[in-house]
Amino acid sequence: MEKPDIVIEKLYLHLENMARNIIRENLDLSIKENRDFLNNPDDVNHQKPKWHQFGIITHTKMVEKAFREELPVYLKKWGIKDRADMHLDEKIEGIKKKDLFIMTIVLHDTGKFKVRTMNKKNGTYSFKPHEKASGEIIRSLKNTLMKDFFLTEHQIEYIARCAELHFELGLLRYTGKDSKTGFNREFIKSDTFKNTVMEFISKNPDFKWEIGLFFLADTLGKIDIRINDENNIEEIEKAKKEINEKKAYTGIINGILQLPVNLAATEEYFRILLES
């Protein structure tokens, strides 16, 4: 069995070609935008610039960076780092869940290359349901992952399930938008939020930690501009200035304003998890 860091490095080396193969096999290349996607699978304009500062492959690398560098800070602040570490230190047939989790990060958005559709009216893209598609792609690669990367069936299934669930907590945003308050801090303190979280946990008891950890890493990996309070005018103006300095899409302010709410939702998720 190869060392996990070598497997992770090899997966990254294959990621761009994998993306192109998936696009080639699943999207209509008679459409110019899909041909452009094939040629430039990491172009941010082929993502959702309103919520993503980076293209899909760079976003993937930013998610790993956030997982390694920022997550421990938040988990320690929330008083749950030791519990999370204990869970991620568990092994599946000799490999720690933490290492398999990082392998999932590399592959978690591969489904976007398979299911992307375009709204012809406004030129925006949809990637639903890319989480499910990512799991399907990972399972379809089972023979390759076993032969060339020396992973076992149980390890591959763990990776596939993590990929399928990586935006599970994000689904609460849609629930929140349909509520009286919207998806905000008030909604996060509501019974609806708590009851929905309890449903997530009861449906996926073996992946309840992964659901929260992945949502947190994925959120932090979308944008590298940070604010602490979505209602602080001074912070918002500073963020807008940083957007201009980085020549990012001005609409990315939406994602920046969403970040503190997502962090609050993740913290509450873990509080409910530990009380359940």
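Start at 1 with the first residue, then count along the sequence.
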Chemist: Could you tell me whether the side chain of N184 and the main chain of T181 form a donor-acceptor pair under 3.5 Å?
Modeler: yes
Chemist: Set out, in order, the CA-CA distance, both residues' side-chain angles and the distance that settles side-chain contact (heavy atoms from CB on, under 4.5 Å) for R83 and L274, then state yes or no.
Modeler: CA-CA 9 Å; R83 294 288 298 273; L274 290 173; 3.5 Å; yes
Chemist: Between the side chain of E131 and the main-chain N/O of L165, is any donor-acceptor distance below 3.5 Å?
Modeler: no
Chemist: What's the shortest heavy-atom distance between H87 and W209, and which atoms?
Modeler: CD2-CB, 3.6 Å
Chemist: Can a donor-acceptor pair be found, under 3.5 Å and without considering hydrogens, that links the side chain of S202 to the backbone of M198?
Modeler: yes
Chemist: When rounded to the nearest 0.5 angstrom, what distance separates CG in L15 from OG1 in T110?
Modeler: 8.0 Å
Chemist: Is it the case that K128 places NZ or CZ above or below the six-membered ring of Y174, under 6.0 angstrom from the centre and within 45 degrees of the axis?
Modeler: yes
Chemist: Do Q258 and K222 have side-chain N/O donor and acceptor atoms under 3.5 Å apart?
Modeler: no
Chemist: L107, F54: one ILVMFWY side-chain cluster at the under-4.5 Å cut-off?
Modeler: no
Chemist: Before accepting this row, confirm whether a basic side-chain N of the pair K98/D85 lies closer than 4.0 Å to the acidic partner's carboxylate O.
Modeler: no
Chemist: A side-chain contact here means heavy atoms from C-beta on lying under 4.5 Å apart; do N231 and I236 qualify?
Modeler: no
Chemist: Look at atom CD of E245 and say whether more than 12 heavy atoms of other residues, nucleotides or ligands are closer to it than 6.0 Å.
Modeler: yes
Chemist: If we only count heavy atoms from C-beta on, is the L27 to F37 side-chain gap below 4.5 Å?
Modeler: yes
Chemist: Look up atom CD1 in I80 and atom CZ in F270, then write down how far apart they are to the nearest 0.5 Å.
Modeler: 4.5 Å
Chemist: Quick one: list whatever passes ring pair (Phe, Tyr, Trp, His ring centres under 6.0 Å) with H14, sequence neighbours left out.
Modeler: F149
Chemist: Are the charged groups of E210 and R161 less than 4.0 angstrom apart, N to O?
Modeler: no
Chemist: Please check if any side-chain donor atom of R116 sits under 3.5 Å from a side-chain acceptor atom of N26, or the reverse.
Modeler: no
Chemist: Could you walk me through whether D42 and H59 pass the side chain to side chain donor-acceptor pair (under 3.5 Å) check?
Modeler: CA-CA 9 Å; D42 194 37; H59 161 68; over 6 Å; no
Chemist: Under a 4.0 Å N-O cut-off, is there an ion pair linking K96 with D99?
Modeler: no
Chemist: Checking N34 side chain against D28 main chain: does a donor-acceptor pair fall under 3.5 Å?
Modeler: yes
Chemist: Report yes or no: do L38 and I57 belong to one cluster of Ile/Leu/Val/Met/Phe/Trp/Tyr joined by side chain heavy-atom distances under 4.5 Å?
Modeler: yes
Chemist: Could you state the interatomic distance from OG1 (T250) to CD1 (I243), rounded to the nearest 0.5 Å?
Modeler: 7.5 Å
Chemist: Taking the side chain as every heavy atom from C-beta outward, state whether M118 and S126 have any pair of such atoms under 4.5 Å apart.
Modeler: no
Chemist: Look only at the side chain of T104 and the backbone of L100, and say whether a donor-acceptor pair between them is shorter than 3.5 Å.
Modeler: yes
Chemist: Can I201 be reached from L75 by stepping across I, L, V, M, F, W or Y side chains whose heavy atoms are under 4.5 Å apart?
Modeler: yes
Chemist: When rounded to the nearest 0.5 angstrom, what distance separates CD1 in I159 from NZ in K142?
Modeler: 13.5 Å
Chemist: Identify, with sequence neighbours excluded, every residue that meets ring pair (Phe, Tyr, Trp, His ring centres under 6.0 Å) alongside Y269.
Modeler: none
Chemist: Compare all side-chain heavy atoms of D224 with those of K246 and state whether any distance is below 4.5 angstrom.
Modeler: yes
Chemist: Answer with yes or no whether the hydrophobic clustering places V115 together with I138; edges join I, L, V, M, F, W, Y residues whose side-chain heavy atoms lie under 4.5 Å apart.
Modeler: no
Chemist: Going by the angle between their ring planes, with limits at 30° and 60°, are W78 and Y74 parallel, tilted or perpendicular?
Modeler: tilted
Chemist: Can you tell me if D109 and T60 form a side-chain donor-acceptor pair at under 3.5 Å?
Modeler: no
Chemist: Just by distance, do the side chain of Q53 and the backbone of A248 share a donor-acceptor pair under 3.5 Å?
Modeler: no
Chemist: For side chain to side chain donor-acceptor pair (under 3.5 Å), just list the numbers for T124 and N119, CA-CA rounded to whole Å, side-chain angles, deciding distance to a tenth of an Å, and then say yes or no.
Modeler: CA-CA 5 Å; T124 60; N119 185 324; 4.5 Å; no
Chemist: Are any side-chain N or O atoms of H46 and backbone N or O atoms of G55, one a donor and one an acceptor, separated by less than 3.5 Å?
Modeler: no
Chemist: With sequence neighbours excluded, tell me which residues meet ring pair (Phe, Tyr, Trp, His ring centres under 6.0 Å) with F214.
Modeler: F101, H108, H166
Chemist: Let me confirm one number: the CG-OG1 distance from L172 to T192, rounded to the nearest 0.5 Å.
Modeler: 10.0 Å
Chemist: Look up atom CG in L71 and atom CG in L220, then write down how far apart they are to the nearest 0.5 Å.
Modeler: 6.5 Å
Chemist: Answer yes or no: is there a side-chain heavy-atom contact under 4.5 Å between M62 and T58?
Modeler: yes
Chemist: According to side chain to side chain donor-acceptor pair (under 3.5 Å), who are the partners of D36, at least two apart in sequence or on a separate chain?
Modeler: K32
Chemist: Are F113 and L11 connected into the same hydrophobic cluster when the rule is that any two of I, L, V, M, F, W, Y join if their side-chain heavy atoms are below 4.5 Å apart?
Modeler: yes
Chemist: Got a sec, which residues hit ring pair (Phe, Tyr, Trp, His ring centres under 6.0 Å) with F167, two or more places apart in sequence or on another chain?
Modeler: none
Chemist: With sequence neighbours excluded, give me every salt bridge (charged side-chain N to carboxylate O under 4.0 Å, His left out) pair touching residues 63-78.
Modeler: E64-R68, K65-E69, E70-R226
Chemist: Looking at N244 and K241, would you say the former's side chain and the latter's main chain have a donor-acceptor pair under 3.5 Å?
Modeler: no
Chemist: For R271, is there an ion pair with E267 - N to carboxylate O distance below 4.0 angstrom?
Modeler: no
Chemist: Ignoring hydrogens and geometry, is there a side-chain-to-backbone donor-acceptor pair from N232 to N228 under 3.5 Å?
Modeler: no
Chemist: I want to check something: taking the side chain as every heavy atom from C-beta on, are I223 and L259 in contact at a cut-off of under 4.5 Å?
Modeler: no
Chemist: Got more than 12 heavy atoms from elsewhere within 6.0 Å of NZ, K91?
Modeler: no
Chemist: Answer yes or no: is there a side-chain heavy-atom contact under 4.5 Å between E93 and E153?
Modeler: no
Chemist: Taking the side chain as every heavy atom from C-beta outward, state whether V44 and Y249 have any pair of such atoms under 4.5 Å apart.
Modeler: no
Chemist: Can we say E164 and K132 salt-bridge, meaning some charged N sits less than 4.0 Å from an Asp/Glu carboxylate O?
Modeler: no
Chemist: Is any NZ, NE, NH1 or NH2 atom of the basic residue among E16 and R20 found under 4.0 Å from an Asp or Glu carboxylate oxygen of the other?
Modeler: yes
Chemist: Do the side chain of K10 and the main chain of D148 share a donor and acceptor less than 3.5 angstrom apart?
Modeler: yes
Chemist: Could you check whether R139 pairs with E157 (Lys NZ or Arg NE/NH1/NH2 to Asp/Glu carboxylate O, under 4.0 Å)?
Modeler: yes
